[in-house]
Amino acid sequence: MDLFDMDDVVGGPPDECSTPLKEWRLKLQAGTLTRNDFIEFFKKESPKYFDYQNELDTVKCMFKEALAKEEIIDVLVEFMLGDNPKSALEKLRLEGNTATVCGKVFKNGEPTYSCRECGMDPTCVLCVNCFKRSAHRFHKYKMSTSGGGGCCDCGDNEAWKKDHYCHLHLDNRKNPLESKIITEAVLERSEICFSAILSFCVNYLEIEPNASLQCLDGEDMGLGLDGANYCTVLYNDESHTFDQVIQTLTKIAKCRHKEAMEIVAAIDREGRAVVKCDTFKSCNDLKTAIENQMIPATGLLANPRNRESLRTSVLHINSVACQQFALQLLSWFQEFLVRHYLFRKTFSELVQRKQESFCIRHILEYDVKLWKTARTCWHRLLISGMLMEYDNKMVLAQEFSRRYATIVEDFINDDHDHAFSIVSLSVQLFTVPSIAHRLIAMEGIFDKLLHTFYYVAIEKFILNRTLHFSKNIASLTFFKRANYILYDLRYLLSLKPDVLSSELRTGFLEGCKALMRVLNVMQGMESITRQTGQHMDYEPEWECAFNLHIKLATTISQVIEWASTDKMLLHKLYKMTVRALVSNNFIVGAAGGDEVEARSVAGHVASCLVYDVLVRPVSIHLPLTRFYAGIYLHLEAHGLSYDSLVAETEVLNIKLTPREIIEPVLCTHAMIAQVAAGMWRRNGYSLLHQLYFYRNVRCRVEMLDRDIVCLQIGASLMESNEFLIHALNKFNLIGWAQPNYETLLAESSVDEEFMRQLSMIDEFLELLIVIIGERWMPGVSLVSEEDRLRKEIIQLLCIKSYSHSELSRALPDTTGGNSDSVFEDVINTVATFKKPVGADRKGVYVLKESLYDEFNVYFYHYTKEDKSKAEELQRERRKSKKELVCCPPPMLPQLTPAFTSMANILQCNVFLTICTLTMDRALDIRSRCFSESHVQKILHLLGFAIQEELSEHYPFLSFYERAQQYGILDKLEELARCPRLEAHRDFVLWTIKRFKDMQAKQAPAAAAGPSGSQRQSMGGEELPLTSEEQARKEKETRAKLAAERRAKLMAQMKSAQNSFMKSNAEMFANSDLEQSSGSGASSYRTAPTMGGSAMEWEDISDDSLEEQGAAALAIKQNPACLGPNRAPYQAQENSFKCILCFENCSINPDGPPLVSSAFVQTSRVILTTPGHYDGKSGMHVSCCGHVMHYKCWQEYYSNEESKEQRRHHRNRLALSHGHNVEFHCPYCRALSNIVLPVSEPLGGLIPGHAAVPPAVGGGSSENYLPLDCFVEIMRTLAGELAAPAADSTMWQYPSVLRKSNVIGDVAQFERSVQLIEKPQLHPTCTDVMSSFNKALQNAMLSQQPNAAAEGGVGVGVGVESDSPYLVFDTCSYTLESLEIYMFTMRKPLKVEMPMRHQTCTTNLVRACSLYSCWAPHRPELAAKLLDTIFNQKGTSVLEWDCFRMLVQLNFGVLNLMLRESEHAFLPSGSMFDFYMLQTMFLANVTKAVICFDVEKELAKRRAKEEAGAQTEFSQLAYVEQLPSKIQENMVAFYRSYNVPARMRQLVQQKKLAESEEKQNQSPNQEQTVVIPCELQHLALMLEHVRYQMGSFLRCACLFYRCMTDVEFPDTFPLEQPDRFDLMCQYLGLDADMGVYFDMETVFATMMHNFASHPHVLRQAEQCSLGYGDPVEVLPCLRPLPALKKLFDDYSDLINSVSDIFCPNNEREEMKTPTMCLICGEVLCGQSYCCQPELGNMSVGACTHHAHSCGAEVGIFLRIRDCQVVYLGRGKGCYVQPPYLDEYGETDQGLRRGNPLRLSQYAYRRIFMQWLGHKLHEEIARLNDNANVAVTQWHHM
Ligand SMILES: [Zn+2]
Ligand SMILES: [Zn+2]
Ligand SMILES: [Zn+2]
Ligand SMILES: [Zn+2]
Ligand SMILES: [Zn+2]
Ligand SMILES: [Zn+2]
Ligand SMILES: [Zn+2]
């Protein structure tokens, strides 16, 4: 069915001529319509939508895009598509043939995905949408974030090896290319519109810096020079900093700082901003002023551009308007083009018209004249318009290539970032292989790129045909920009073709010629000459040359790679290289370079080039020679060889001898050896840096590695003896190789020169080992690239176990990151991956055991440290395996035929002479020219030789025979006995063993015969022991000796003991007696610490306990801390050492006060549940517990304080007032900002007569007032306190007692409250406490400056900053946090708490208790509290935090009843303290009962049963045995107060009433709905209540233990959960729930009182019927705090914010989306657009958020770079993010791009740090350790 009706596409005839649309249509019909009609329209219309306002001195401009869209663009669309453009566009969409390629242009920060299995190169990426719909999702992929500007390659055949399309684009491919909507007529109209758009935009967007007056052609609009119709526009550049521009604006344009910041942010974002709208004159004056402003260069980075002025221009307002509109038009046009292929076709045809102003060529070339946004708009347009179709892409690529030189030059001279230059388009074009190849073949782009590079980047540095960058640092930026050409080159060559066409080959060779020219000037660049006499004056510049090398190295490798596949190419390139080498005059062709002299060793003579490295220049850079070596490796595969090619080149009269090939490399290596020998010390660090990079993984592939190949080429082409003589000569070692060296040497003394000589020998031998041994190089021996990688990995893993990231960093990145899969394959064959253990560890690779045999200690990529580390490990390993302790050489792979002759070195005369000479000298005691390492290296070389012979790869090799001639074996055996070489004995033995293997194989006859060596082996014992055997033998001897000694000693001791026992018999008897009569209780406690005899002690004490009877045991095991049965206070020892003065100090009331440093912070950790506690925060105290004198501390503190102030002054950080100064505990460095008083146990302050005695004899309760009296007194007190005109005498306790009609006397009361004489404290004690209080106030004010009265409405009594309740609330908040922390950690009460928790809570509670006696009286607060609790005024139990109120009640009330200063009520466990607990306990029970929801609980139960869990009614048996009266009471209580029950009842009642109404029954007959309540329900309810009481009871236990110092009984469980009954027992409460429902008791009355509060009823009504205000219910159990639940897959997380916009500016994408892990909000972090104000400072969005969300701390996840930040009060730190890859590693900054998953373990660690209030501490710790640059954390 065809849904589409074609009629509405056709434009009807015009009705009237007033609208432009109709005008156009008419003109179209008349054939007179031109693009100018549209352009004029744009010009006329756009100024209407430009608007500006002058606010103060700052102008605010805006372009009303929405209106402009409606009035201009929509009209245009209607003209193109017909009368109903909307439906036409919709139909177009439904046709679904937008494109078969995605081409989505990435925004900055958008995630991109590349496939490691299928991507052609790492630049091939997918957008999220395509990735999610593609097969690559299941492959090994990498993730990263785009820098902006690239585009999605989905659907590009050349980007992927397979799975080219995602589902979406695969579907699109099936659709036809034509459209029913886009008819010829539409296209005709579109063409005119398009051309109008393009020419309008091209004309208007160009920046015209000096065109100010030309804009006056707007005169026809009636605007003259005088009107305020001009704008000063400021443009972006990359050379001025934000601050510089802000400074200019505030100084010259007189902007305020904040506005200046906004303008600068806009300039940065868009590339320009209008800074003034005024008359031409004033605008122009401003422009001149800004331009004349000289901005001083910033610091060291002296950029010449820096001294340039800011770019400005004065434009007519209309021009600005047209430009703004042009930008909008371009963006719209880009989106429009995406809609259909035919639009793009039209577009592409248009821009190919060469005569037009908007032809591609012009667009490309005028890019540099635009500002940032304008450029981006054009780039996007080109991408959408030209890159979706292959043909268009080709056209663009060709045009781009033709203009390349111009654009690049513009780019280099411009200063915008690469991403904002049209040059960045190259990655889209050059990475498409077929296009790249065509460009090389047809456009000569390879040549052009290098040609351009040569002329723009390096030509000016050429001196004497060689590059010298010298110290021209200023050229660095410019040089860096030019290096982008080399990136382009890399793209171009990234894929080599399978077959080369002749054009491609020609084009490629042209490029190679240009490359040769570059390499030619690089050969020998930055050459150095050994400095003698004095040090270098300055460190020569070296980085430029290395940068050039690094940038070019990939290209060199690529060119060699290309050449390796094509014989003709290789052939020509070889000749080209030889020609270049011959023409180059570095070293070989140097002046006098033909001078040779004859040198001879062991009867062989070689004519060596005279070139002394000690005095002539040498260089690290030999790219031409190395290129030759690279090419040479591929000759053989194509049947070519040096010899066959020599003939050819000689015809051309160019000759390159092997000697000439190796000479430059040999010189460089001689220099390197001399540096190692300390002969180049005066050349400074620059040289050392160069040598470091020479072997560094980033450079060595085209440096060190090629050099060794080059020497190997020489070794294979030259006669072996000759080669060695050349090398010896270059190292100045010819003399050493002569037998008479020793005698010559004897004449000279042992000096530094001599030591250097020894070192040079070492270097020479090592080079020889490398030349022979390092042949894991395809082309040198029969190995593949994988083998090469394998060898590399094995050697690395011999140093240590590597994590995945370390390993990939340590390996060269040869194929541009795509070697990943190869790497993975290889690594898995050689190593096993050990999974990470714990959160801190990474997983590591461990080498497979068998592969340690392949270890080569002289591996050429090892540094000195690597070598010694690996050697040590290898020796240990072999020792533990009981093998010879040495590092023998590994077996070598077989050489390729071209290199086979290299093996001959191992048997040539010079080699054997060197070996024997070295061994002889080692054996000669008098010899001086010898070192152990020489021998070690000689052994290594001999090992190579023996193994090569054993391998039988080389028929010409007869090492055995040759060795026999030189008597090698005899010498070896002598060496084995030589004491001088003991350290290497095992190695010698290994060599002998291998030698004999060879002997047995090679000459069985000889082995059998009575040869010299045979004799030796017959008398095998003569051979020395291996070090292993020797060690064992020694050990045995030692052990034997030791055993003997021990036996002797034992015998002596025994006799001594016996005689001692005899003489002291009596004493021993007594001590036995004492032990058995030890007093039960105390010994029971101390037993385990008594050391050796603990066992006996315990046995005895158990016995004695049993005797005392079970009852006593029960009391002892279950002591109560409160109530009639409370255990008596037991004095404890309390002496400390002051950590500052080290004096002993014990706490007593009149002694000097002691303190402990503590840290107070505002906290919302337990208040972050969404929906509760909005805006509230508490205060948390932590304390390390180290004790010091208050006086000592004061001294320490004032010191720290002044230090801190100095530091702040230096850092110019505003020391925000009100904050407590931070310091560290002098002992443990714990972060602190206050001190907490350390006081003695409260029980110790109560004199014996006042203390509550334990219940002995039972009758004691009469001594006290009962609970109901307490309640009565409290009620009365509330009334008295609140009475108007109250005076303090009214609430003195005798008066209150009287009024409350309590039966009982004053003495009873005084006993019940434990009235004591006020303890006399040291005068400064009160100082401590008030400073503590002051610190709390500071902390609270800094977080909630105006929260004074809001502290905790509804939860208890509101707290003002100056109220004593602040201290008490801090106490309760700290205890509640601790309870939740412990609960979350699954730790019960009894578990041993860390000292910091223990001491912190104890000190805090004791301090509060003492403070309550001195605190300022606040009767109104106490009145409110008492009224709330006892008089049902104020809030109801539903809204209470019962524990918090308990603490307030306990500390804040009683002392009001005392007005005189001699006495005090010290809260320390009196009966009244107990009653307070009972009251709040009952309140909490009431709350639990009335909130209990039976249906919910039953449902939970059912769910559990369904899940297969056993459920039972644990309380059912208990309920059943209760008296029926109690049961009835429970039911009644439940029915009348339970909120859910009442809710249901009300709802059913209402329904019933309604249905009755319907049935017209009279409403008089009231039927009452009765909610069912069975015993099962009651059982369930009690179970629920017991569970709900958990948190309250645990807090209370912690609290009263600190107050009474009664330990938790041993019956407390050691594993969670803590038990209800045991906690009740400890607190003196009745755990028998039935008791509380007994109507006879005061309990039931109190519960009824609590439950009958009007709010409770209102809650039920509100929930069911919806009237009344909702009550803010606080659940009994606080919801456990939790951090935001994160996506398991990191890419889900990153995608979730890919389209997020800044909350302040909906047009701006969020650059650094940052998630608050506490609440989950995503913020615009660290950005100029979001800088809210906090106090009077503008801060980053995160800082602002943290202030309220986390009460000054925050945990943020920076989503795009996967980093977690802790923020706290202007400070912060980075911590490990919780996302890990499969190797257990994090990826901060997404550099590796491996898929990341959430690690629960790591996330929990962050959670625990937050929950434990340790963030501030962690921040301080990390900032202390890391010496990082000061980050402006508050901008975060
Ligand atoms: Zn895509
Ligand atoms: Zn796609
Ligand atoms: Zn794939
Ligand atoms: Zn002290
Ligand atoms: Zn401490
Ligand atoms: Zn938050
Ligand atoms: Zn923002």
Side-chain angles (χ1 to χ4, degrees), residues 102 112-128 130-143 152-167 169-170 817-818 820-822 824 1135-1148 1151-1160 1181-1200 1222-1238 1322 1324-1325 1328 1394-1400 1402-1403 1691 1793-1795 1814 1816-1817 1820-1821 1824:
C102 174
T112 62
Y113 297 85
S114 56
C115 182
R116 287 152 68 186
E117 293 170 34
C118 319
M120 279 298 183
D121 67 67
T123 67
C124 298
V125 288
L126 290 176
C127 67
V128 191
C130 292
F131 176 71
K132 279 188 169 164
R133 293 182 178 84
S134 75
H136 308 294
R137 192 162 38 122
F138 307 106
H139 302 169
K140 286 198 163 178
Y141 66 88
K142 272 193 183 250
M143 189 178 58
C152 175
D153 293 312
C154 181
D156 184 344
N157 278 319
E158 295 186 60
W160 310 100
K161 291 179 197 145
K162 57 175 199 279
D163 299 316
H164 307 93
Y165 299 90
C166 69
H167 298 321
H169 291 108
L170 193 62
N818 226 20
D820 267 4
S821 49
V822 184
E824 224 103 300
S1135 63
F1136 305 91
K1137 235 184 183 80
C1138 168
I1139 52 172
L1140 284 169
C1141 67
F1142 305 109
E1143 272 169 31
N1144 286 321
C1145 47
S1146 62
I1147 327 170
N1148 51 49
L1154 300 175
V1155 292
S1156 199
S1157 51
F1159 186 75
V1160 59
V1181 175
S1182 53
C1183 164
C1184 64
H1186 297 120
V1187 177
M1188 51 202 159
H1189 292 113
Y1190 181 58
K1191 254 176 83 191
C1192 293
W1193 172 76
Q1194 273 181 318
E1195 224 167 88
Y1196 170 80
Y1197 176 77
S1198 63
N1199 235 334
E1200 291 287 296
E1222 286 176 0
F1223 62 97
H1224 295 273
C1225 164
Y1227 188 76
C1228 68
R1229 307 286 301 152
L1231 182 69
S1232 313
N1233 54 10
I1234 50 166
V1235 283
L1236 203 55
V1238 175
H1322 195 273
T1324 46
C1325 256
V1328 181
M1395 165 158 122
R1396 61 198 155 83
H1397 289 153
Q1398 183 88 54
T1399 52
C1400 177
T1402 311
N1403 287 338
S1691 58
N1794 287 333
K1814 286 183 211 133
H1816 287 297
E1817 171 100 44
R1821 192 178 64 83
D1824 243 21

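Quantities reported herein were computed from a predicted structural model and do not represent experimental measurements. Each ligand, and each atom within it, is numbered from 1 in the order the structure gives.
Vertex the Zn ion (ligand 5), arms ending at SG of C1184 and SG of C1225: the angle is 110° after rounding to 10 degrees. Between C1138 atom SG and C1141 atom SG, the angle centred on the Zn ion (ligand 4) amounts to 100° (nearest 10°). Between H136 atom ND1 and H139 atom ND1, the angle centred on the Zn ion (ligand 3) amounts to 110° (nearest 10°).
Distance check for C1145 against the Zn ion (ligand 4): none of its N/O/S atoms falls below 2.8 Å.
For the side chain to side chain contact (heavy atoms under 4.5 Å, CB included) criterion with L1154, the lone passing option out of N1403, V1235, V1187 is V1187.
W1193 and F1223 have tilted rings, their planes meeting at an angle from 30° to 60° on a 0 to 90° scale.
The Zn ion (ligand 4) is closest to atom ND1 of H1189 (considering only N, O or S atoms). The Zn ion (ligand 5) sits nearest to atom ND1 when only the N, O or S atoms of H1186 are considered.
Side chains of H167 and K132 form no contact here, defined as non-hydrogen atoms less than 4.5 Å apart. Put simply, the side chain of H136 reaches to within 4.5 Å of the side chain of C118, judged on heavy atoms.
Between F1159 and H1816, the ring center distance clears the sub-6.0 Å criterion.
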